[in-house]
Amino acid sequence: MSGILVMFLLLSGEGSSDIGTQEDKIGSMTKFIDRWIMRRSDYSLIDIKCYKIVSKNKLADIAKTRLKPLSRKGKKHKKETGYFYKNARALALLAKEESCQQEIEVIPILFRDADGTASSDRGEWQDKWQSMLKGFEAEQLLNGVPMIPKPKSEAWILCALRERYQNCQPLENESGNDDSPNSLKKQLEEHLGEPATRELLNDEIDQGNLDISKIVDMPSLTAFKDRLDEVLNNLGLPQQDY
């Protein structure tokens, strides 16, 4: 790949069905990330093994043991957004270390479900988004990318598989509580007729039935795509015309 910008993804998610749990067991959101970058790079970072997955527990441990206190002007972070801020700082710290070791452009992407209930407003989601960005910036890392589905990734998946990419925005206002009678998780499993496993969702992506580029009216996904494109622009990756 001489002459081609090679990047490295540092990813952290919730579990097996979103980002994945280890490098040989990636989840649907990791495939989403890779496919969005491939629009412009023409190669897969997953195929060439240019990625690493950091567990949620490892980030929590780093946030607890390695983050130095920072003086912050203004109001303190709310309790619910402080979690997102600390996770972003911890991932940024690891990204800087990875960049030094490999001498390569590292893009940290932090996936966390917004969760909440149908009563959660956009302002609460925006607080979490901004907390991640501020967490990356606190570690002097300017190419961090939040990935926060509202209320959770099942909404994005239902948009493609059930709604056929049409009129999907209302899904973002559904309950993110898996215990609710009509939770997004239950809706997805009812549509599929079986549990939404990592393997099944990955197959849907590979078969072209779950295409991130066709989901255009979900603000939380648009925010992620726009931010990742902004980072790719900053790295000098050329735009592609399709």
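Reckoned from all heavy atoms, side chains included, excluding hydrogens, waters and symmetry mates.
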If you define the side chain from C-beta out and look only at heavy atoms, does anything of P108 sit under 4.5 Å from N143?
yes
Does a salt bridge link D206 with K31, judged by any charged N lying under 4.0 Å from a carboxylate O?
yes
Say you draw a straight line from CG of L221 to CE of M147; how long is it, rounded to the nearest 0.5 Å?
7.0 Å
Can you tell me if E14 uses its side chain to pair, donor with acceptor, with the backbone of D113 under 3.5 Å?
yes
Using distance only, find each side-chain donor-acceptor pair of residues 182-192 under 3.5 Å and give its atom names and separation, not counting sequence neighbours.
residue: S183; atom: OG; partner: K186; partner atom: N; Å: 3.1
residue: K186; atom: NZ; partner: S180; partner atom: O; Å: 3.0
residue: Q187; atom: OE1; partner: R162; partner atom: NH1; Å: 2.9
residue: Q187; atom: OE1; partner: R162; partner atom: NH2; Å: 3.1
residue: Q187; atom: NE2; partner: E174; partner atom: OE1; Å: 3.3
residue: Q187; atom: NE2; partner: N182; partner atom: O; Å: 2.9
residue: H191; atom: NE2; partner: L161; partner atom: O; Å: 3.0

To the nearest 0.5 Å, how far apart are CE in M7 and CD1 in I37?
5.5 Å
Check the pair K134, E137 against salt bridge (charged side-chain N to carboxylate O under 4.0 Å, His left out), reporting the backbone distance first and the verdict last.
CA-CA 5 Å; K134 289 177 182 177; E137 292 169 2; over 6 Å; no
For L210 and A160, which heavy atoms make the closest approach, and how far apart are they?
CD1-CB, 3.2 Å
Taking the side chain as every heavy atom from C-beta outward, state whether I19 and S12 have any atom pair closer than 4.5 Å.
no
Student check: side-chain heavy atoms of R112 and K128 closer than 4.5 Å:
no
Any donor-acceptor N or O pair under 3.5 Å, side chains D229, Q239:
no
Side-chain donor/acceptor of D211 to backbone N/O of G208, under 3.5 Å:
no
Shortest non-hydrogen contact from I53 to G20?
CG2-O, 3.6 Å
Between R39 and W36 (side chain of the first, backbone of the second, donor and acceptor by atom type, cut-off under 3.5 Å), is there such a pair?
yes
Tell me whether N87 contacts the main-chain N or O of Y83 through its side chain, where contact means a donor paired with an acceptor under 3.5 Å.
yes
What do the steps show when you test L94 against L59 for side-chain contact (heavy atoms from CB on, under 4.5 Å), and what is the final call?
CA-CA 9 Å; L94 292 180; L59 273 195; 4.1 Å; yes
Does the S153 side chain pair with the main chain of P149, one donor and one acceptor, at a distance under 3.5 Å?
no
Do Y85 side-chain atoms and A138 backbone N/O form a donor-acceptor pair below 3.5 Å?
no
Under a plain distance cut-off of 3.5 Å, with no hydrogens placed, do S220 and W156 share a side-chain donor-acceptor pair?
yes
How many angstroms lie between NZ in K49 and CZ in F8, if you round to the nearest 0.5 Å?
12.0 Å
Compare all side-chain heavy atoms of I46 with those of M38 and state whether any distance is below 4.5 angstrom.
no
A side-chain contact here means heavy atoms from C-beta on lying under 4.5 Å apart; do V145 and I33 qualify?
no
Gap between atom CG of D34 and atom OH of Y43 - 0.5 Å precision
10.0 Å
Measure the CZ-NZ distance between R89 and K68 for me, rounded to the nearest 0.5 Å.
10.0 Å
For side-chain contact (heavy atoms from CB on, under 4.5 Å), just list the numbers for D127 and F84, CA-CA rounded to whole Å, side-chain angles, deciding distance to a tenth of an Å, and then say yes or no.
CA-CA 9 Å; D127 288 343; F84 291 82; over 6 Å; no
Between the side chains of N177 and S175, does any donor sit under 3.5 Å from an acceptor?
no
Starting from the C-alpha separation in whole Å, work towards a yes-or-no answer on side-chain contact (heavy atoms from CB on, under 4.5 Å) for R40 and L228.
CA-CA 11 Å; R40 300 175 58 170; L228 183 51; over 6 Å; no
Distance, nearest 0.5 Å, that separates CG of L200 from CD1 of I205
10.5 Å
Donor-acceptor contact present, side-chain S28 to main-chain S17, <3.5 Å:
yes
Are any of the side-chain heavy atoms of K152 and D115 separated by less than 4.5 Å?
yes
Where do F136 and P146 come nearest, in terms of heavy atoms and distance?
CE1-N, 4.1 Å
Minimum heavy-atom separation for L10 and A95, please, with both atom names.
CD2-N, 3.4 Å
Working note: M29 + L11, criterion side-chain contact (heavy atoms from CB on, under 4.5 Å); need CA distance, chi angles, decisive distance, verdict.
CA-CA 10 Å; M29 297 298 107; L11 312 171; over 6 Å; no
What residue pairs, at least two apart or across chains, pass side-chain hydrogen bond (donor to acceptor under 3.5 Å, both in side chains) with a residue in residues 193-204?
E204-N209
Side-chain heavy atoms of E139 within contact of L67, under 4.5 Å:
yes
Between Q169 and D217, which heavy-atom pair has the shortest distance, and what is it?
CB-O, 3.2 Å
Quick check on the hydrophobic clustering: are L142 and L93 connected, directly or via other members, by side-chain heavy-atom contacts under 4.5 Å?
no
Would a 4.5 Å heavy-atom cut-off, applied to side chains only, mark Y51 and L45 as touching?
no
Could you work out, with side-chain contact (heavy atoms from CB on, under 4.5 Å) as the rule, every residue matching R164, not counting sequence neighbours?
none
Quick check on side-chain contact (heavy atoms from CB on, under 4.5 Å): which of I215, V216, T222 does M218 satisfy it with?
I215
